[in-house]
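As the structure is a computational prediction, the values presented were derived from the model and not from experiment.
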Amino acid sequence: MALAENISVPHTGKALKWTPDQPIISLKNVRKSFGPVEVLRGVSFDVKKGEVICIIGPSGSGKSTILRCINALAPINEGSITVEGQEVHDPKLNKLALRKKVGMVFQQYNLFPHKTALENIMMAPIHVLKQPKAEVEARARKLLAKVRLAGKENSYPGELSGGQQQRVAIARSLAMTPDVMLFDEVTAALDPETVKEVLVTIRELAEEGMTCLLVTHEMGFAKEVGDHIYFTDRGVIIEHGPPKTFFANAKDERTRAFLSQIL
Amino acid sequence: MTRAKDATVTANTQNRRDAAQRASRDIIMAGLPPQAQRLPNERWGDWGADDFTRGFFSRRAGLFLVSVLACAILCGEAFAQFGPGGQERPGVIQTMLNWAPLILFGRPGEFGGFALNIVISFMVMAIGTVTGVLLGIAQVSTSVLVRKPAWAITQFFRNSPWLVLLFFTILLMPFQIRVFGYTIPFPDWIKATIGLALPIMANISEVTRGAIQSIPTGQWESSESLAFSRGQQFRLIILPQCIKRMTPPWMNWYAILTMATSLVSIVGVSDAMTLTKLAVDADGRSEMLIPMYGMLLMFFFIYCYPIARLTQVLERRYNIVT
């Protein structure tokens, strides 16, 4: 179901028509400031359905802010962001309808500590989508098995390792059947051994055709699963391209400097 | 190498802890107060229900109770010796026992005494908690029009002397209200209850606000990204996590409140304090002053000390978990 069907037509009165061949996410000249600090200084890019986009760049370059703006967790100052043809920062937008379509996974997992793994996954479909409990539970169990955590249904987040918690968080987002998944440095807080298990989960998602936006420091992973790499620095996109050409012969001096430090 | 060593150490501590817990449980079951069950390296040991009972019946608490009571009685006896003698009078302990039922349960056919103190404390806490939690939530509202007044109300009642608030409610409120022909009486003790509920409300409001703000922002963000509405975020995610954090300070305020219920005697409610004074006056024996008020202190102590103790236990336990 297209997002446009769920939400009110914006005040412009323009008919909303979004077809899957159009970009599912589109950023046009997005600017965003935190007080006097301008963190995004004109960011534009499109994401097609089923694409896996990796955003890389030094810390403080506004990578995470881009994801937060797409999910309307942070307002933008200028420009436009559309998701499935719907302007995200339209004041009349039903933000909840948008968020049902856009899942987000955070660096610090942010699981609900007072609920078990299964309950964490079930909460949003039951209370937000108002789906029947039995159906949601069956789906939640399947999702847990999918992220290789069958048997951990009744564990509390505090009893799970970081990698396990992050996979529960991914399953929790997937339970809302989003069209797009945003991953905000999901492996940054994990130790090298557990990074792999999370990345495998994300790769499987990507292979299934989920549209993914990843902010990541895992260059190897970006190279492997990414369809397109964007390099940001100080609030602007410096360079972008498919991983093969991007990593092999970066044109910009800053990109090369960054890559030489990382790789 | 180090990791293996650590694991052994943890296992050892665990075993020792289990053994200590078993031992303390056995001793309690045998009805004997266990002492010095603490682990060598941990000052407080592993706090649990056993420790609570152990703490309450500890030598320290018992000694305190007995010594205060003994002091009171001795003072009484000493004064009795030097008081105007002549006629046969009941002893200090006998007099205390005679008056105890009155002080505990009020005049015959009337509800009062220490039981009234406890009833007032329950009601104040119930009213104060419900209003306080709502006020606390209002304090973190996204709307300035809600947040600012809630803040002002909280600060006003939190920084007002309880006794002054008590006088205000007693003097400002009518003794009865007529609604649709029904007359709802407003006895003094109800008014006093409302008077005490105001500062409790303000303090619980602060406790609630603090608890809400101590929840990591990630919880708000992740639930927001899962499309929970703000009401759902509060109800399903934030407040359930707050309950644990709020319980120790909440109990602390309950203990403080119970002690403060003796203030209602000043506005003419026949609580334990009022009745103690009446009893002393009725006897007309000045040597009974210290023993009688000593007994009253004991009543409050016996009621409040376990609560304070349990609060400590919960604080420690929740510190470990969260």
Side-chain angles (χ1 to χ4, degrees), chain A residues 3 6-7 64 67-74 94-115 119-130 156-159 165-166 168-178 180-184 186 189, chain B residues 2-4 6-7 10-11 14 46 48 133 136-137 140-144 207-208 210-250 314-322:
Chain A
L3 177 61
N6 292 345
I7 50 189
S64 297
L67 294 194
R68 292 165 52 84
C69 289
I70 293 172
N71 205 8
L73 284 176
N94 179 353
K95 282 185 185 164
L96 299 185
L98 165 79
R99 289 174 185 146
K100 284 174 194 167
K101 293 286 147 193
V102 183
M104 185 154 177
V105 186
F106 299 84
Q107 183 179 342
Q108 293 296 341
Y109 340 126
N110 297 342
L111 291 179
F112 307 133
H114 60 300
K115 297 281 181 185
E119 286 167 340
N120 260 282
I121 300 172
M122 288 166 63
M123 266 177 104
I126 288 177
H127 295 285
V128 177
L129 303 179
K130 313 279 181 207
Y156 283 89
E159 300 163 351
Q165 287 191 55
Q166 194 59 288
V168 174
I170 293 172
R172 182 175 69 173
S173 286
L174 289 176
M176 295 291 281
T177 55
V180 183
M181 286 286 280
L182 310 175
F183 295 92
D184 186 5
V186 288
Chain B
T2 4
R3 192 174 279 185
D6 280 349
T10 323
Q14 188 61 44
D46 183 73
V133 167
I137 294 172
V140 295
S141 166
T142 44
S143 157
V144 182
V207 168
T208 310
I212 291 172
Q213 289 181 342
S214 76
I215 304 289
T217 47
Q219 293 289 314
W220 288 100
E221 282 186 350
S222 64
S223 49
E224 211 176 326
S225 77
L226 286 168
F228 284 104
S229 67
R230 195 163 163 89
Q232 284 176 325
Q233 284 180 302
F234 264 116
R235 193 162 48 82
L236 301 168
I237 290 131
I238 305 299
L239 289 181
Q241 293 184 56
C242 287
I243 290 172
K244 218 171 171 185
R245 292 159 201 240
M246 282 171 64
T247 307
W250 183 84
L314 291 178
E315 264 173 14
R316 275 174 232 287
R317 189 177 278 181
Y318 290 163
N319 269 345
I320 294 163
V321 174
T322 50

Please flag which part of [X] lies under 4.5 Å from any non-hydrogen atom of chain B: side chain, backbone, both or neither.
X: A/Leu182; answer: neither
X: A/Met176; answer: side chain
X: A/Val105; answer: neither
X: A/Phe106; answer: side chain

By ring pair (Phe, Tyr, Trp, His ring centres under 6.0 Å), B/Phe228 pairs with (sequence neighbours left out) none
For A/Val128 versus B/Leu226, what's the shortest heavy-atom pair and its separation? CG2-O, 3.7 Å
Nearest-0.5 Å distance, CE of residue A/Met123 to CD1 of residue B/Ile237: 4.0 Å
Can you pull every donor-acceptor pair closer than 3.5 Å across chain B and chain A?
unit_1, atom_1, unit_2, atom_2, d
B/Gly218, O, A/Asn110, ND2, 3.3
B/Gln219, NE2, A/Leu111, O, 2.7
B/Glu221, OE1, A/Arg68, NH1, 3.2
B/Glu221, OE2, A/Arg68, NH1, 2.4
B/Glu221, OE2, A/Arg68, NH2, 3.2
B/Ser222, OG, A/Asn110, O, 3.1
B/Glu224, OE2, A/Arg99, NH2, 3.3
B/Gln232, NE2, A/His127, O, 2.8
B/Leu236, O, A/His114, NE2, 3.0

